[in-house]
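All remarks here apply to the structure that follows.
Within every chain, numbering begins at 1; the chains are lettered A, B, ... in the order of the sequence lines, protein sequences first and strands thereafter. Note that these values count all heavy atoms, side chains included, but never hydrogens, waters or copies made by symmetry.
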Amino acid sequence: MTPFRLPRRWSPDPERPAIARRAGVPLTVMTSKQERAGGAFALPEKPALEGLERKWLARWEADGIYRFDRTAPRERVFAIDTPPPTVSGSLHVGHVFSYTHTDILARYHRMRGRVVFYPMGWDDNGLPTERRVQNYFGVRCDPSLPYDPSFVPPEKPGKTPIAVSRPNFIELCERLTAEDEKAFEELWRHLGLSVDWSLTYSTVGKTAQRVSQRSFLRLLKKGIAYQLEAPTLWDVDFRTAVAQAELEDRETPGAYHKLRFKRPDGGAVEIDTTRPELLPACVALVAHPDDPRYQPLFGTEVVTPLFGVRVPVKPHPLANPEKGTGAAMICTFGDVTDVTWWRELGLPVRAVIGPDGRLRPVTWGSPGWESTDAEAAQKAYDALAGLTAVKARAAIVELLRASGDLIGDVRPITHPVKYYEKGDRPLEIITSRQWFIKTIEFRDALLARGRELQWYPPFMQSRYQNWVEGLTGDWCISRQRFFGVPFPVWYPIDGNGQVQYDRPILPSEERLPIDPSTDVPDGYTADQRGMPNGFAGDPDVMDTWATSSLTPQIAGGWEDDPDLFARVFPMDLRPQAHEIIRTWLFYTVARAHFEHDSLPWRSTTISGWVLDPDRKKMSKSKGNVVTPMALLEQHGSDGVRYWAAGGRPGTDTAFDPGQMKVGRRLAMKLLNASRFALSNAEPRGPVTVPVDRAMITSLAALVDDATALFEENQYATVLERTERWFWTYCDDYLELVKSRRYGAQGPELAGSANTALLASLSVLLRLFAPFLPFVTEEVWSWWQPGSVHRAAWPTSAELLETIGGPDESAALALERASLVLGEVRKTKSEAKRKLSTPVTRLVVRDTPEHLEALRTAEADLVSSGFVQSLHLEPAEAFEVEVTLAADEPPVPAS
RNA sequence: GGGCGGUUAGCUCAGUUGGUAGAGCACCGGCUUUACACGCCGGCUGUCACAGGUUCGAGUCCUGUACCGCCCACCA
C-alpha cells in the first residue's frame with residue numbers, strides 16, 4: 001500500500017519523434033566461434049579490467065584496425081583536423097579530456113561505416129620549444145657562429161648559457177622534441193585514441209615546411225602576403241615581432257606623471273603620461289577637436305621639456321577629454337594608439353626604444369633630432385641611454401623634477417598593459433621590416449566563413465565573430481627567431497652592399513622546402529652570399545601559427561599527394577579549445593579561404609577546460625596536478641575516458657576522480673553482466689515473451705536516440721542515457737529473466753530470453769564502444785569475431801527484426817513487472833530482510849489493462865521476487881500488498 | 001566599456017517542444033542473491049540566484065537586477 005511515483009524508464013516515450021532508420025549499414029550477424037562449434041562461449045571465471053589496455057593496444061596495432069583506407073571516396077571519409085599538441089609543454093589532464101572527446105566521435109563515425117582519417121600532429125615549432133631547449137640544455141642560439149658538428153651539450157645546464165650555432169640549436173630542438181613526442185604517443189595510445197599512427201606529422205618537419213613555404217609563395221603571388229617596414233608589436237625579451245592575436249592585457253602597476261610643455265607665448269600645456277621615459281620620442285601633442293581648452297593651440301607648436309623639441313599640437317577624435325588633462329603626448333611609440341595617431345596625423349618617427357628594450361643611442365642635433373638646445377638634450381639623454389624602459393623612467397623623473405617640468409607627485413595606478421602572451425615584460429612597438437598576411441580587407445568574407453561553419457556549441461561562433469570584427473591590423477607572420485620555418489626568400493645585394501628588400505628572389509616550388517641561410521638562389525653561387533652584387537637570405541622564421549594554420553593541408557598531403565588530399569579535404573571536424581579561436585581557428589579559416597576558396601572543415605567542436613576543484617583552470621603551475629599516465633593506471637583508461645566523456649562541448653568540467661571510479665565500476669559491471677548474458681546462452685529461440693519484447697523495443701528507441709544525439713556531437717548525453725538504460729537493464733530486466741533463462745519455465749521461454757539477451761548485449765557493447773573501448777573489446781572478443789570497433793553501429797532495425805517490428809503493447813509488461821518487483825524489494829529492505837525472503841502473499845491491485853500486462857510477466861515476477869502466492873485484483877489505482885514470511889528462528893550460536 | 005556563457009540537492013551536473021523537480025557522488029540503513037562485495041537493495045536531501053511579466057500552468061519563454069567565469073576593448 002505504498003504510494004509511489006511511476007518510473008518512466010521502461011516505457012517508450014510516445015511523444016518522441018520517429019527517427020528515420022538509417023539504411024545501408026549491414027547487420028552484425030550474431031555468430032561466434034563457439035556457437036558455430038555448437039558449444040558454450042568460453043568465458044573467464046573472474047573477469048577483470050587489469051591489463052586490458054596492454055592486451056588490446058597490441059592487438060589493435062597488429063591488426064591495424066584504425067588504419068585509414070586510402071581508396072575510400074570522399075563522401076565516405078570522415079576527416080579530423082587533430083590539434084597537434086605542443087610537445088614541449090607538459091602533459092596534463094586537459095589533454096586527456098579534450099582528446100577523448102574527439103576519439104569518441106572518431107569511433108562513432110568509424111562504426112557508422114565512415115572511413116576515419118585521424119592523424120596526429122606534433123607541434124614542435126616556435127618559441128615554447130626554443131625556450132625549453134635553452135633551459136633544458138643551457139644553451140642560447142647565436143646565428144653568427146659556425147656549425148660545430150662535434151658539439152655535445154653538458155650533462156647539466158650551467159649557469160651561463162653556452163652560445164651555439166643555429167644548426168646546432170635546431171639539432172637540439174629536434175632531439176628534445178623527439179623525446180617529447182614519444183611520451184605523448186605513449187599516453188595517447190594508452191588512453192585508447194584510435195589514431196592512425198602512420199599519419200603523424202610535425203609542424204617543423206619537411207612536409208610542414210614545404211606546405212608553409214608553398215602557401216606563402218602563392219599568397220605572395222596573389223598579393224595577399226606582403227612585407228612592410230612599419231611599427232610592430234615587439235617583445236623585448238624574445239626580441240621578435242608578435243601578432244595581435246598573441247597579445248594579452250595584464251593589470252600592471254604604473255603611475256601618472258604630469259609634464260609641462262612650454263608654449264611659444266611663454267605659457268604651458270600640461271599632459272599626463274605613464275611613460276615619461278618616452279619624452280625624447282615625443283612627436284606631437286594631441287587633444288580632442290571639440291575640446292575648447294586646446295582648440296586655440298591646434299596648429300601651434302610647443303617645446304618638450306628637457307629635450308627642447310618643437311612638436312605640433314594636433315586635434316584627433318581618439319583623444320579623450322576625460323582622461324588626464326585632456327591632452328596627450330604622442331610618442332613613437334608608446335602604445336597602439338600612438339601608432340594610429342602617428343599614421344593618421346602624418347607625424348615623423350623619433351624612435352628611442354631599441355629591439356632589446358633599452359634606450360638606444362641618439363645624437364641630438366642630427367637630422368630628425370633637432371632641438372632648441374641640442375647640448376642640453378644630449379646631456380639629458382645620455383643619462384637615459386642604455387637603460388631599460390623601467391630604469392629610464394626612474395631616471396627621467398629625477399631629471400624632470402630637477403628641471404621643474406614634473407608637476408606635483410607621480411600618482412601610482414594599476415592599469416592594463418599589453419604583453420606578449422608568453423612574455424614577461426610589456427610589449428614595445430618597434431619599427432621593423434616584417435611580413436604580413438592581409439586580413440583586414442577580407443574581413444567580410446572571413447566573417448561569412450564563420451557563419452558557414454557548423455559550431456558545437458553554436459554560441460562559440462560569437463567568439464570568432466567578435467574577434468574578426470575587432471581586427472585592427474593585418475597578420476604579422478615573421479618572427480626574429482631561429483627555430484621555425486624560414487621564409488623561402490632571398491634578396492639581391494646591390495653594388496654598394498645594400499640589400500634590396502623590395503626585389504625578393506623566390507625559389508621555384510619544386511625546390512621547397514629551402515633554408516635561405518644555407519641554400520643558394522638559382523643563378524647565384526654560394527660565395528656570393530652577403531657580397532656586393534650577391535644575395536642575402538631572409539633571416540626570419542614564420543610565426544608558428546603561419547604553419548599550424550595549415551594543418552589540414554599538411555596532414556592531407558596538399559600538392560604532395562593530390563589523391564589523398566582530394567579524399568580528405570575539406571575535412572569534417574576541427575576539435576579545439578576556445579582560447580585559440582582567434583588564432584588557430586581563425587588563421588586556418590583564412591588560409592583555406594585564400595588557398596582553396598573554401599572552409600577547411602565542415603564543423604568544429606570547441607572543448608571546455610578542466611577545472612580544479614576551486615573552479616580555476618587547471619594548470620601545471622599548481623603543484624597538485626596528477627600526471628595523466630598515473631591517472632590512467634589508477635582508474636583504467638576506460639574509467640578516465642568515462643569522466644572525460646561527461647564534458648559537453650564548450651562546457652568546463654571539474655577534475656573529478658570520483659567520476660573515474662564510477663566509470664571503472666561501469667566497466668566492471670559490463671564485464672559481469674556480459675558474463676551472465678553469455679553463460680548458459682542455450683537454447684535459443686524466437687523472442688515471444690512480452691518482457692523480452694519490451695526490453696528490445698526500449699533498446700531500439702535508445703539506439704535511435706543515441707544515433708541522433710551523436711550526429712549532433714552530443715556524446716555526453718549518449719553516454720548518460722545509455723548508462724541509465726544499462727543500469728536499469730541490469731537491475732530489473734536481468735533479475736526478472738534470470739530464472740527463466742536457466743530453464744525454470746521450460747526451454748522455449750528460456751530461448752526467448754537467451755535470444756533477447758544476446759541481441760541486447762551485442763547492441764549495448766557497440767553503444768558503449770566509443771566510450772569504453774577496452775572493456776567493450778574484451779567482452780566482444782568472448783563471443784564475436786573481429787573488433788567491436790570495426791563492427792557496425794547498432795540500428796533499431798536490427799533489434800526490431802528479432803521481434804518482427806516494434807512491440808509497444810509489450811512495453812507495459814516490463815514496466816509493470818519492474819514496478820511490482822521494486823515494491824517487493826522495498827518492503828524487504830525496509831523490513832531489513834534479505835531479498836531472498838519468501839513473499840507468502842503478494843496482492844497487486846491495478847487497472848485491468850495493467851493487470852493483463854503484468855500477467856504476461858507473472859512467472860518472471862514470482863521467481864525473481866520469491867513470491868509464493870500472487871493475487872491480481874482489479875482496482876482504480878495501483879496498490880501493492882506484500883506479506884513476508886515470518887522470520888526464521890534465530891540460529892543459536894555454535 | 002562590449003560580447004558570450006553560467007547560477008537547480010552538501011558536491012559535480014542533467015533537465016528536449018512550458019505540464020507533479022532528476023542522476024551520480026557523498027551520507028544513512030540493510031543484504032553474501034548461483035553475473036558482479038570493484039557487488040546488491042532501499043532511504044534522506046530543493047525558496048530551481050533575485051524581482052517583475054506572459055500563461056490555466058514557468059526550472060524552461062520575455063524584461064530587468066545581482067553574482068561567478070570566459071573572450072574582447074584606443075591602456076595617454
Lys/Arg N to Asp/Glu carboxylate O, A/Asp656 vs A/Lys661, below 4.0 Å: no
Atom-to-atom span, CZ of A/Arg825 to C1' of B/G43 - whole angstrom: 15 Å
Atom C1', compared across B/C71 and B/U63: separation rounded to whole Å: 26 Å
Rounded distance in Å - CG (A/Leu611) to C1' (B/U12): 11 Å
Spacing of the C1' atoms in B/U55 and B/C28 (rounded, Å): 42 Å
side-chain contact (heavy atoms from CB on, under 4.5 Å) involving A/Pro280 - partner list, sequence neighbours excluded: A/Phe307, A/Val352, A/Trp364, A/Tyr381, A/Ile396
Nearest-angstrom distance, P atom, B/C11 to B/G5: 25 Å
Heavy-atom pair of closest approach, residues A/Pro312 and A/Val283: CD-O, 3.3 Å
Sugar-phosphate, base or nothing in reach of A/Lys258, heavy atoms under 4.0 Å: nothing
Sugar-phosphate only, base, or nothing, as touched by A/Lys832 at under 4.0 Å among non-hydrogen atoms: sugar-phosphate
side-chain contact (heavy atoms from CB on, under 4.5 Å) involving A/Ile440 - partner list, sequence neighbours excluded: A/Arg443, A/Leu471, A/Asp474
Heteroatom pairs (N/O) under 3.5 angstrom, protein to nucleotides 32-35 of chain B:
from: B/A35; atom 1: OP1; to: A/Lys738; atom 2: NZ; distance (Å): 3.3
from: B/A35; atom 1: OP2; to: A/Tyr742; atom 2: OH; distance (Å): 2.2
from: B/A35; atom 1: O2'; to: A/Asn672; atom 2: OD1; distance (Å): 3.4
from: B/A35; atom 1: N6; to: A/Cys730; atom 2: O; distance (Å): 3.4
from: B/A35; atom 1: N3; to: A/Asn672; atom 2: O; distance (Å): 3.2
from: B/A35; atom 1: N3; to: A/Ala673; atom 2: N; distance (Å): 3.2

Ring geometry between A/Tyr742 and A/Phe676 (parallel below 30°, tilted from 30 to 60°, perpendicular above 60°): perpendicular
Whether A/Trp643 and A/Phe97 hold their rings parallel, tilted or perpendicular, with breakpoints at 30° and 60°: tilted
Nucleotide B/G3, atom C1' - distance to CH2 of A/Trp467 in whole Å: 14 Å
Comparing A/Ala48 and A/His415 on RNA chain B - which has the more 5′ nearest nucleotide: A/Ala48
Test side chain to side chain donor-acceptor pair (under 3.5 Å) applied to A/Ser864 - qualifying residues, sequence neighbours left out: none
Position toward the 5' end of RNA chain B (nearest nucleotide), A/Met460 or A/Asn320: A/Met460
Distance between P atoms of B/U8 and B/U16 (Å, rounded): 16 Å
Partners passing salt bridge (charged side-chain N to carboxylate O under 4.0 Å, His left out) against A/Glu50 (at least two apart in sequence or in another chain): A/Arg664
Salt bridge (charged side-chain N to carboxylate O under 4.0 Å, His left out) partners of A/Lys738, counting only residues at least two apart: A/Glu735
Exam field: side chain A/Asp638 to backbone A/Val775, donor-acceptor pair closer than 3.5 Å: yes
Protein-nucleotide distance (A/Leu233, atom CG; B/C74, atom P), rounded to Å: 11 Å
Given B/C72, B/A14, B/C38, the nucleotide with the shortest approach to the side chain of A/Arg664: B/C38
Closest to side chain of A/Thr273, choosing from B/G3, B/A76, B/C72: B/A76
C1' gap between B/A51 and B/A9, integer Å: 24 Å
Base B/C41 paired with A/Ser829 side chain (donor-acceptor, <3.5 Å): yes
Phosphate OP1/OP2 of B/G2 contacted by A/Gln465 side-chain N/O (<4.0 Å): no
Side-chain N or O of A/Arg275 closer than 4.0 Å to phosphate OP1/OP2 of B/A76: no
Whole-Å distance separating the CE atom of A/Met660 from the P atom of B/C11: 20 Å
Sugar-phosphate only, base, or nothing, as touched by A/Val662 at under 4.0 Å among non-hydrogen atoms: sugar-phosphate
Partner residues of A/Arg582 under the salt bridge (charged side-chain N to carboxylate O under 4.0 Å, His left out) criterion, sequence neighbours left out: none
Sugar-phosphate only, base, or nothing, as touched by A/Arg721 at under 4.0 Å among non-hydrogen atoms: base
Sugar-phosphate only, base, or nothing, as touched by A/Arg665 at under 4.0 Å among non-hydrogen atoms: sugar-phosphate
Residues touching RNA chain B, which here means a heavy atom under 4.0 Å, drawn from residues 635-649 of chain A: A/Arg648
Sugar-phosphate only, base, or nothing, as touched by A/Asp338 at under 4.0 Å among non-hydrogen atoms: nothing
Selected nucleotide, minimal atom distance to A/Arg463 side chain, candidates B/A76, B/C74, B/G3: B/G3
A/Arg350: partners by side chain to side chain donor-acceptor pair (under 3.5 Å), with sequence neighbours left out: none
Whole-angstrom distance between B/C74 and B/G18, as gauged at atom C1': 46 Å
Intra- and interstrand pairs of RNA chain B - dot-bracket, Watson-Crick/G-U under 3.5 Å, | marks other strand: (((((((..((((.....[..)))).(((((.......))))).....(((((..]....))))))))))))....
Atom-pair distance (CD on A/Gln244; P on B/C71), nearest Å: 15 Å
Listed once per pair and sorted, the salt bridge (charged side-chain N to carboxylate O under 4.0 Å, His left out) pairs that draw on residues 274-287 of chain A, sequence neighbours left out: A/Arg275-A/Glu277, A/Arg275-A/Glu428, A/Glu277-A/Arg393
Integer-rounded Å distance: B/C70 P and A/Glu579 CD: 12 Å
Integer angstrom distance from the C1' of B/A14 to that of B/U54: 27 Å
Residue list, side chain to side chain donor-acceptor pair (under 3.5 Å) with A/Gln714, at least two apart or on another chain: none
Euclidean distance, atom CD of residue A/Glu469 to atom P of B/G1 [Å, nearest integer]: 21 Å
Nearest-angstrom distance, P atom, B/C41 to B/U17: 33 Å
